[in-house]
2 protein chains.
Amino acid sequence: MKTAGAKSERRIFEEHIAERGFRMTRQRALILDIFLKKEGHLSPEELYDLVKAKDPTVGRATVYRMLRLMREADLARKVDLGDGLSRYEHKYGHAHHDHLICLRCGKAIEVVDEEIEALQEKLARKHGYKLTAHEMDLFGLCPSCKKKERK
Amino acid sequence: MKTAGAKSERRIFEEHIAERGFRMTRQRALILDIFLKKEGHLSPEELYDLVKAKDPTVGRATVYRMLRLMREADLARKVDLGDGLSRYEHKYGHAHHDHLICLRCGKAIEVVDEEIEALQEKLARKHGYKLTAHEMDLFGLCPSCKKKERK
DNA sequence: GTAGTTGCAAAGGGTTTGCAGAGGG
DNA sequence: CCCTCTGCAAACCCTTTGCAACTAC
């Protein structure tokens, strides 16, 4: 199932670039595979390091260009975890989720609450907006940092 | 009432810097006044332009340094409206609020929903987190862009 | 007076771009 | 074969920093 999922994500990307006359290359396939396999929130530099480990000839610019392509193909999302870095997570095969971010250690977990989702829709409608997306980040102390706080 | 509000904000800032041995200067007072008077979401450059209009001798670096001070004094908040720029809004005298942002025209309005606020707390607690802040941005089409969409 | 503050300009960090050569379709 | 893609390095943008002169306290 995992492999099947990865394959279809790759197909989505291939279709996306074929549609606009772009090309599938060794570098793009490699970056795509690594990015999709990695759960969590990668900075461009972290992704570049992972790619370099597999193929040291790939350039940083290619990683940046690929991040843009993946965003356009709706496979990647840019998130701001408040650490000053830009970070990306992959969307495909992921249910939508929000973030619970520890201000002390920076750890971020993904959460979802259907009740909140519904209220967001309702709130937007109340103001005459048609909602297409949202981002919710909750900041606080994670359980282990909370414990340390006490001593 | 407006004036009284502005005065107390300034006092808060003065106390904040006095506490740590900093000083109140002509430039800081000017930037603070302009920033507090301006509702909405200013980029550092926009703030710098407004300041320059009143006093062309003020440098860009001073504006950046002041933005940091105001954040530390809890008078300013950094927000990401997805246009690639960093933006700041003032907090004091503002109730907490979230954003409803139009993806077409970029217009952002401020909203709040008590029910959502409560559920955010609950969600964090469920995961063992102690919540200290959050940011919620809803993206979609504003009423007027929605209308244009139809034709 | 003595720190903290300022404007300037240079440095810094992250991201984008111009280019000549490589390589997909 | 044509046109896109690549790696490199330089350019770029926004933000921070080093410094000598200045100024609040």
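The figures here come from the full heavy-atom set of this structure, side chains too, leaving out hydrogens, waters and symmetry mates. Labels below follow one simple rule: chain letters A, B, ... track the order of the sequence lines, proteins then strands, and each chain is numbered from 1.
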Item to check | d(CZ, B/Phe22; P, D/dC25) in whole Å | outcome: 14 Å
Checklist entry - B/Arg65 CZ to D/dG18 P: how many Å, rounded? => result 11 Å
Item to check | Student check: side-chain heavy atoms of A/Asp55 and A/Arg26 closer than 4.5 Å | outcome: yes
Checklist entry - Quick one: B/Asp55 CG to C/dT6 C1', roughly how many Å, whole number? => result 11 Å
Checklist entry - Do any side-chain nitrogens or oxygens of A/Thr62 fall under 4.0 Å of OP1 or OP2 in D/dC5? => result no
Checklist entry - Between A/Leu67 (CG) and C/dT16 (P), how many Å, whole number? => result 9 Å
Next on the checklist: Side chain of B/Arg23 only, heavy atoms from C-beta on: which candidate in C/dG25, D/dT15, C/dA3 is closest?
Outcome noted: C/dA3
Next on the checklist: Heavy atoms from C-beta onward define the side chain here; which of D/dT4, C/dT5, D/dT16 lies closest to that of B/Thr25?
Outcome noted: C/dT5
Item to check | Short side-chain N/O contact to D/dC5 OP1/OP2 from A/Arg20, under 4.0 Å | outcome: no
Checklist entry - Can you find a heavy atom in the side chain of B/Leu75 that is under 4.5 Å from one in the side chain of B/Arg10? => result no
Checklist entry - So, is A/Tyr64 near the phosphate of C/dT16, with a side-chain N or O under 4.0 Å from OP1 or OP2? => result no
Item to check | Euclidean distance, atom CG of residue A/Leu69 to atom C1' of D/dT4 [Å, nearest integer] | outcome: 12 Å
Checklist entry - Would one find a side-chain N or O of A/Arg28 under 4.0 angstrom from OP1 or OP2 of D/dC5? => result yes
Checklist entry - So, is B/Arg60 close to the D/dC13 phosphate, meaning a side-chain N or O under 4.0 Å from OP1 or OP2? => result no
Checklist outcome for this item: From the candidates C/dT6, C/dG14, D/dC5, the one with an atom nearest any side-chain atom of A/Leu85 is C/dG14
Item to check | Qualifying residues under side-chain contact (heavy atoms from CB on, under 4.5 Å), relative to A/Ser43, sequence neighbours excluded | outcome: A/Glu45, A/Glu46, A/Leu85, A/Arg87
Next on the checklist: Counting only heavy atoms not in B/Lys91 (residues, nucleotides, ligands), do more than 12 fall under 6.0 Å from its NZ?
Outcome noted: yes
Item to check | Nearest-Å distance for atom pair CG/P, residues B/Leu30 and D/dA24 | outcome: 14 Å
Checklist outcome for this item: A/Glu45 atom CD is separated from C/dT16 atom P, nearest whole Å, by 13 Å
Checklist entry - So does A/Gln27 get a side-chain nitrogen or oxygen closer than 4.0 Å to the phosphate oxygens (OP1/OP2) of D/dG7? => result yes
Next on the checklist: In the structure I gave you, are the side-chain heavy atoms of A/Met70 and A/Glu9 within less than 4.5 Å of one another anywhere?
Outcome noted: no
Checklist entry - Hey, is the side chain of B/Ser86 poking within less than 4.0 Å of OP1 or OP2 on D/dC14, counting only N and O atoms? => result no
Item to check | Residue whose nearest DNA chain C nucleotide is more 5′ - B/Gly21 or B/Arg26 | outcome: B/Gly21
Checklist entry - Can you tell me how far P of D/dC5 sits from CD of A/Glu14, to the nearest Å? => result 14 Å
